[in-house]
Amino acid sequence: MIKDAGDFGLPPHAAKNKDIVEKRLKDVAAGGGLQETLTIEWRSKAHVVQVIDMPLDSLYYNPGTHRIRAQRSYDPQLDRRLDDDPWSDESQDYLEYLLQAEPSDPSKRDKDFEALKQSLADFRQNEPGLITREGILVNGNTRAAALRELHVPDIRVAVLPDSCTWEDINRVELSLQLRHDTRRPYSYINRLLTIDEQVEAGRPLKEVARDFRIRESTAEQDLWVLACLRDLSDRSSAGDVQLRLLDFEDAQERLREVHRAYAKESKADAQKAELLKENRLAAIVMNFSKTDVRLIESDFRDRYLEHRLPDELKVAPAAAPARVIPGINRTVKADVPQVAAARAFTDSVLRAKAVVRAKEKVPAAQLDAATSVFEVAHKAVEAALEPAGKDARVRKRKQAAPDRLNDACQDIEQCITDMVLASASRSLDEEALDEAVLKLKATLKKLAQATAQTIEVPGEGVEWLRDAVRQEQS
């Protein structure tokens with residue numbers, strides 16, 4: 001294995017593992033008969049590698065695996081230890097623990113891991129793993145953890161070429177992970193981090209999106225969401241505690257909807273878009289449902305929330321001066337007071353949640369204060385959502401009748417086209433058409449009667465409809 005920048009070095013028993021691998025590869029080659037192989041993407045080309053059996057106890061979990069990239073922050077001390085010495089027993093045990101843990105809450109055991117373990121117990125390996133010649137697991141880390149729990153002594157693995165680098169390892173792991181098979185997918189946050197890592201490494205976004213089998217616009221959305229989450233994590237810092245990216249694992253659909261709403265609003269008004277984003281992100285931090293978050297628009301705070309907030313949560317920071325970007329001397333406008341107030345509220349909720357999440361690591365007084373802030377904010381937003389929901393339902397009812405009539409008009413336009421085509425081919429059913437027109441006539445009469453009962457001052461269209469019905473009746 002060739003060293004390159006940013007690698008994790010070699011494990012303690014790298015030379016011993018390499019000897020075992022080389023010997024078993026020679027034994028397989030000399031054995032004749034049908035040999036098991038695995039086809040991988042190797043430096044942009046398909047490459048066939050040999051499969052051998054290796055003792056599980058001799059292999060190492062990959063400290064750079066994307067599968068648990070976000071979850072590493074679950075224990076900051078062990079995370080730092082993993083950076084300092086990834087091959088120590090302590091670090092390898094931490095990796096094994098995370099591979100078995102639930103992505104959104106590593107304190108719990110993952111049900112998918114249990115299912116994988118049961119499948120391996122029942123059917124053994126369907127697919128081989130993949131290692132370097134030094135015994136580092138490139139693919140199959142989770143399977144190795146499950147097989148170790150089952151006390152299976154060996155694992156089937158393919159072997160990468162001796163010239164592989166850590167860049168090769170990352171690329172091969174990604175290509176294998178994105179194959180359409182029964183492999184467990186990356187968690188949401190780990191997928192975002194992997195896309196970002198690939199782009200930061202200099203790969204074109206279009207190429208990265210193709211690897212993930214998504215549209216380029218979806219990859220752009222993912223990068224926007226990740227930037228938001230990193231910003232939220234930074235803003236949540238309260239002393240020695242702060243929220244982690246993995247704390248947002250279950251917010252995938254809500255975050256994507258925030259991006260769509262933000263992109264749409266920003267085309268008309270950038271400041272309203274910022275207000276909408278801050279208001280919705282605060283609701284997501286408080287774990288409101290997707291349907292609740294949809295009710296929050298740019299005017300949510302002014303119309304529904306402001307008068308329900310206690311004074312301590314209304315405090316907005318002093319207006320900041322415009323900023324100048326160093327190097328290009330370009331001035332960036334400061335947040336308007338409404339946006340600054342929305343950010344201040346979101347910051348309060350973020351810091352409170354960070355303290356509540358780390359309840360065992362903070363003083364009791366700090367925990368009590370944070371719990372009070374979070375509960376008061378949640379109660380205020382919950383109360384504000386009730387009239388917001390009522391107004392949304394009213395707007396929907398107001399728009400329902402016009403929308404249905406517009407749909408009917410489109411159907412009639414299509415009917416005209418179909419009628420012309422049928423007439424040209426002499427296949428028009430004139431009797432059926434006549435019956436349908438009579439039904440339309442009766443329906444329009446009912447519509448005119450309904451407008452007479454509900455609309456006091458008719459517009460030009462309603463007036464025409466009423467006149468047409470009156471003339472037909474006279």
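Across Leu56 and Arg148, no two heavy atoms sit closer than the pair O-NH2, 2.6 Å. Taking each heavy atom of Ser237 and Gln242 in turn, the nearest pair found is CA-CB, 3.6 Å. Closest approach of Val138 to Ile169, counting heavy atoms only: CG1-O, 3.8 Å. What you find for Val241 and Ala358 is that their closest heavy atoms are CG1-CB, 3.5 Å. The nearest pair of heavy atoms linking Tyr61 to Ala145 is OH-CA, 3.3 Å.
Shown here is Asp89, whose CG atom has no more than 12 heavy atoms of other residues, nucleotides or ligands within 6.0 Å. Heavy atoms of other residues, nucleotides or ligands lying less than 6.0 angstrom from NZ of Lys272 number 12 at most. Within a 6.0 Å radius of CD in Glu22, other residues, nucleotides and ligands contribute more than 12 heavy atoms. Around atom CG of Asp240, no more than 12 heavy atoms belonging to other residues, nucleotides or ligands sit under 6.0 Å away. Surrounding CD of Glu312 are more than 12 heavy atoms belonging to other residues, nucleotides or ligands, all under 6.0 Å away.
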* Could you walk me through whether Asp19 and Arg24 pass salt bridge (charged side-chain N to carboxylate O under 4.0 Å, His left out), step by step? => CA-CA 9 Å; Asp19 289 342; Arg24 296 196 175 192; over 6 Å; no

* Run the side chain to side chain contact (heavy atoms under 4.5 Å, CB included) check on Gln198 and Leu174 step by step: do they pass? -> CA-CA 10 Å; Gln198 296 294 307; Leu174 179 60; 3.7 Å; yes

* Between Val49 and His47, does a side chain to side chain contact (heavy atoms under 4.5 Å, CB included) hold up when you go through it step by step? -> CA-CA 7 Å; Val49 289; His47 185 73; 3.5 Å; yes

* Asked: Going through the checks in order, is the side chain to side chain contact (heavy atoms under 4.5 Å, CB included) test met by Tyr186 and Thr194?
  -> CA-CA 9 Å; Tyr186 288 151; Thr194 305; 4.1 Å; yes

* To do: Could you walk me through whether Val381 and Phe345 pass side chain to side chain contact (heavy atoms under 4.5 Å, CB included), step by step?
  => CA-CA 11 Å; Val381 173; Phe345 175 69; 4.0 Å; yes

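Looking only at distances, a side-chain donor or acceptor of Glu173 sits under 3.5 Å from a matching main-chain atom of His66. Using modelled atom types, no side-chain atom of Arg215 and backbone atom of Ala209 make a donor-acceptor pair closer than 3.5 Å. Not one N or O on the side chain of Arg72 forms a donor-acceptor pair closer than 3.5 Å with the backbone of Ile68. A donor-acceptor distance shorter than 3.5 angstrom exists from the side chain of Asn17 to the backbone of Glu134, with no hydrogens or angles considered. The closest donor-acceptor contact from the side chain of Gln50 to the backbone of Ala158 lies at 3.5 Å or more, if one exists at all. Of the possible polar contacts, none joining the Trp42 side chain to the Cys164 backbone as a donor-acceptor pair under 3.5 Å is found. No donor-acceptor pair under 3.5 Å is formed between the side chain of Glu278 and the backbone N or O of Thr346. Arg254 places a side-chain N or O within donor-acceptor distance of the main-chain N or O of Phe288, the cut-off being under 3.5 Å. Judged by distance alone, the side chain of Gln71 and the main-chain N or O of Ala101 form no donor-acceptor pair under 3.5 Å. Without hydrogens or angle criteria, Ser73 side chain to Ala70 main chain gives a donor-acceptor distance under 3.5 Å.
A side chain to side chain contact (heavy atoms under 4.5 Å, CB included) with Met286 holds for exactly one of Glu375, Lys353, His378; it is His378. Exactly one residue among Ile189, Leu243, Asp247 makes a side chain to side chain contact (heavy atoms under 4.5 Å, CB included) with Leu229. That residue is Ile189.
Within the 4.5 Å cutoff, the side chain of Asp7 has no heavy atoms near those of the Thr165 side chain. Between Arg124 and Val152, the closest side-chain pair of non-hydrogen atoms falls below 4.5 Å. Inter-residue side-chain proximity for Ser88 and Arg81 is flagged as met; some heavy-atom pair is nearer than 4.5 Å. Counting heavy atoms from C-beta on, the side chains of Tyr60 and Pro12 come closer than 4.5 Å. Between Arg191 and Ile214 there is a side-chain heavy-atom pair separated by less than 4.5 Å. Here the side chains of Met54 and Ser58 are in contact, with some heavy-atom distance below 4.5 Å. At a threshold of 4.5 Å between non-hydrogen side-chain atoms, the residues Arg67 and Asn141 do not count as touching. In this structure, the side chains of Val159 and Thr132 stay at 4.5 Å or more apart for every pair of heavy atoms.
Two rings, from Tyr262 and Trp224, have their centers less than 6.0 Å apart.
Between the side chains of Ser187 and Asn190, at least one donor N or O sits under 3.5 Å from an acceptor N or O.
Between Arg80 and Asp84 there is no salt bridge, since no side-chain nitrogen of the basic residue lies less than 4.0 Å from a carboxylate oxygen of the acidic one. Ion pairing between a basic and an acidic side chain is recognised when a charged N comes within 4.0 Å of a carboxylate O; Glu127 and Arg156 show no such pairing. Using a 4.0 Å cut-off between a side-chain N of Lys or Arg and a carboxylate O of Asp or Glu, Arg280 and Glu297 qualify as a salt bridge. Under 4.0 Å is where a charged nitrogen must lie from a carboxylate oxygen, and between Lys111 and Glu114 no such pair does. With respect to Asp231 and Arg235, a salt bridge is recorded, a charged nitrogen being found less than 4.0 Å from a carboxylate O. Note on Glu149 versus Arg109: salt bridge recorded, some NZ/NE/NH1/NH2 to OD/OE distance being below 4.0 Å.
The aromatic rings of Tyr94 and Tyr97 lie parallel to each other, their planes meeting at an angle below 30°, with 60° marking the opposite boundary.
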